[in-house]
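This report concerns only the one structure given below.
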Amino acid sequence: MSALPPDPSEQTPMTATDLHDDMPAPEAKAPAPWVNWWQEVKSLSLLILAVLAFHSFVAKPFYIPSESMMPVLLTGDRLVVSKFPYGWSYVSPSFHPLPFLKGRLFGRMPQRGDIVIVSPQNRREDYIKRVIGLPGDIVEVRGGQVVLNGVPVKQKALKTLRLPVDANAPCSPMQFPGARVSGADGKDYCELPVRQEILPNGKTYLTIDMGPSALDWYGPVRVPANHVFLMGDNRDNSADSRAPLEENGLGGPVPWEAIGGRAEFITFSLDGDTTWNPLSWVRSLRSGRAGNSLRPASVTDPK
């Protein structure tokens, strides 16, 4: 005879503890991953060192802060400077942490006409100028005309150049008296007298000369060994080798160790009307300047 099933009324009621015991155990949470902060700091430091090494020894960006190299370069131009064409010196490392050290590693002398960055002897910043005189040259400026080794550098007057007036190129009457004009389109322009200058090696470029100024007469001086003589293309408004150190100039020929690199090309240019609004960055771009080479053209084969 089969056994009867137990009477439910006679069974012991299930408690909360019994219910908990019958439920499956929850899965254990995986521990939070451990962050190796030392490894993170080391990786970030290596990245910063790699950027600084590239910036110091290969190429770096450069911002044009003044009008001393007009008309080739305008305030607001961003460009690339290569650090290796002339070798490396004490000014090569970023931020110029080193004192003056004589000599260059794999040093090569710049060519006439090159646009270079240079650090003045009395400050840790970069100027940008053009190489005019090399070691042994006798440099003189007479009435605004450069004379090299007793021979006037060839010049050719061109028709006036019109540059749009903007926040970075305001056509100040202090620098360019009487040059601001209105165009047929209703916009303001800076109308500048320009000359084509041709160096003995055939390198050619444009200069601006607004008329008589204190910088129109200089020298003669002989460029010492391992020195270069530098000038800005905006001849009346350039603190270059013609201007003394006390006037923020270069104080004569500069040692080649002070040359930090060669200007190669413009990456982009801003007219100075940018705000915090990112849309203004696009509107502020100057058209037609990105990609322009800064290597001087040659009208004759160098001898």
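Residues: numbered from 1 along the sequence shown.
A search for side-chain contact (heavy atoms from CB on, under 4.5 Å) contacts involving P65 returns Y63, not counting sequence neighbours. Here E140 pairs with R142 under the salt bridge (charged side-chain N to carboxylate O under 4.0 Å, His left out) rule; sequence neighbours left out. When the salt bridge (charged side-chain N to carboxylate O under 4.0 Å, His left out) test is applied to R180, the partners found at least two apart in sequence or on another chain are D188. In terms of the side chain to side chain donor-acceptor pair (under 3.5 Å) criterion, S293 has no residue partners (sequence neighbours excluded). Contacts of L163 classified as side-chain contact (heavy atoms from CB on, under 4.5 Å), with partners at least two apart in sequence or in another chain: M70, L74, L161, L192.
In this structure, L134 CG and L148 CG are separated by 8.5 Å, a value rounded to the nearest 0.5 Å. For the atom pair CZ (F54) and CG (L49), the distance works out to 15.5 Å, reported to the nearest 0.5 Å. Once rounded to the nearest 0.5 Å, the distance linking CD1 of I208 with SG of C190 reads 7.5 Å. Between Y127 atom OH and S238 atom OG the span is 9.5 Å, to the nearest 0.5 Å. Here CD of Q155 is found 4.5 Å from CD of Q145. Values are rounded to the nearest 0.5 Å. In this structure, OG in S56 is found 8.0 Å from CZ in F95, a value given to the nearest 0.5 Å.
Side-chain contact between P253 and P224 is present, with heavy atoms from C-beta onward closer than 4.5 Å. With a 4.5 Å cut-off on side-chain heavy atoms, M231 and V146 count as touching. You'll find the side chain of V41 stays beyond 4.5 Å of the side chain of L44, heavy atoms only. Contact annotation: the side chain of R222 never approaches that of V139 to less than 4.5 Å [non-hydrogen atoms, C-beta and beyond]. Looking at heavy atoms from C-beta onward, Y218 lies in side-chain contact with F229 at the 4.5 angstrom threshold. Counting only heavy atoms from C-beta outward, the side chains of L294 and L79 approach each other to under 4.5 Å. Counting only heavy atoms from C-beta outward, the side chains of L158 and L206 approach each other to under 4.5 Å. Inter-residue side-chain proximity for F265 and V81 is flagged as unmet; no heavy-atom pair is nearer than 4.5 Å.
Pairs engaging residues 162-177 under the side-chain hydrogen bond (donor to acceptor under 3.5 Å, both in side chains) rule: E67-Q175, R162-E191, D166-R286 [sequence neighbours left out].
In terms of heavy atoms, R289 sits closest to V72 at NH2-O, 3.0 Å. Annotation for V223 and G133: closest pair CG2-C, 4.4 Å, computed over non-hydrogen atoms. In this structure, E264 and P85 approach most closely via the heavy-atom pair OE2-CG, 4.2 Å. Across every non-hydrogen atom of K203 and S298, the tightest pair is NZ-CB, 4.1 Å. Residues R124 and P97 come closest through the heavy atom pair NH1-C, 3.6 Å. Of all heavy-atom pairs spanning A179 and M210, the tightest one is CB-CE, 4.3 Å.
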I would like to know whether R295 and I115 meet side chain to side chain contact (heavy atoms under 4.5 Å, CB included); could you show each step before the answer? CA-CA 7 Å; R295 304 297 301 278; I115 298 177; over 6 Å; no
Go through the steps to decide whether R283 and D273 satisfy the test salt bridge (Lys or Arg N to Asp or Glu O under 4.0 Å), and finish with yes or no. CA-CA 8 Å; R283 293 193 299 266; D273 290 330; over 6 Å; no
Output, in order, the C-alpha distance, side-chain angles, deciding distance and verdict of side chain to side chain contact (heavy atoms under 4.5 Å, CB included) for M69 and D77. CA-CA 11 Å; M69 283 297 292; D77 285 349; over 6 Å; no
Working for side chain to side chain contact (heavy atoms under 4.5 Å, CB included), residues L73 and I266: CA-CA 9 Å; L73 290 170; I266 297 172; 4.1 Å; yes
Steps toward side chain to side chain contact (heavy atoms under 4.5 Å, CB included) verdict (I128, I64): CA-CA 8 Å; I128 186 162; I64 300 300; 3.9 Å; yes
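When atom types are taken as modelled, the side chain of R104 and the backbone of I259 share a donor-acceptor pair closer than 3.5 angstrom. Side-chain atoms of S241 come within 3.5 Å of backbone N or O of L230 as a donor-acceptor pair. Looking at N237, its side chain never comes within 3.5 Å of a backbone N or O of N234 through a donor-acceptor pair. A donor-acceptor pair under 3.5 Å links the side-chain atoms of N149 to the main chain of I138, judged by distance alone. Judged by distance alone, with hydrogens and angles left aside, the side-chain atoms of S280 form a donor-acceptor pair with the main-chain N or O of T275 at under 3.5 Å. A donor-acceptor pair is defined here as one N or O able to donate and one able to accept, closer than 3.5 Å; no such pair exists between the side chain of D114 and the backbone of V116. With hydrogens and angles disregarded, no donor-acceptor distance shorter than 3.5 Å links the side chain of D236 to the backbone of D209. Side chain of R78 to backbone of G76: a donor-acceptor contact under 3.5 angstrom is found. Side-chain N or O atoms of K83 include none that pairs as donor or acceptor with a backbone N or O of W88 at under 3.5 Å. Proximity of a side-chain donor or acceptor of R242 to a complementary backbone N or O of A239 within less than 3.5 Å is not detected.
With respect to D233 and R130, a salt bridge is recorded, a charged nitrogen being found less than 4.0 Å from a carboxylate O. At a threshold of 4.0 Å, the pair R235-D240 does not count as salt-bridged, since none of the basic side-chain nitrogens sits closer than that to a carboxylate oxygen.
Taking hydrophobic clusters as Ile, Leu, Val, Met, Phe, Trp and Tyr residues chained together by side-chain heavy-atom distances below 4.5 Å, L98 shares a cluster with V91. The cluster map of Ile, Leu, Val, Met, Phe, Trp and Tyr, joined by side-chain heavy atoms under 4.5 Å apart, puts V153 and V141 in the same cluster. No single ILVMFWY cluster, assembled from side-chain heavy atoms under 4.5 Å apart, contains both V228 and L199. V147 and V151 are members of different hydrophobic clusters when ILVMFWY side chains are connected at heavy-atom separations under 4.5 Å. Put simply, V80 and V118 are part of two different groups of oily side chains (I, L, V, M, F, W, Y) that touch within less than 4.5 Å, one to the next.
A side-chain hydrogen bond (donor to acceptor under 3.5 Å, both in side chains) with T204 is found for one member of E197, K156, K154, Q196 and no other, namely Q196.
Residues Y90 and F100 bring their aromatic ring centres within 6.0 Å.
Defined by atom type and a distance below 3.5 Å, a donor-acceptor pair is missing between the side-chain atoms of K60 and S94.
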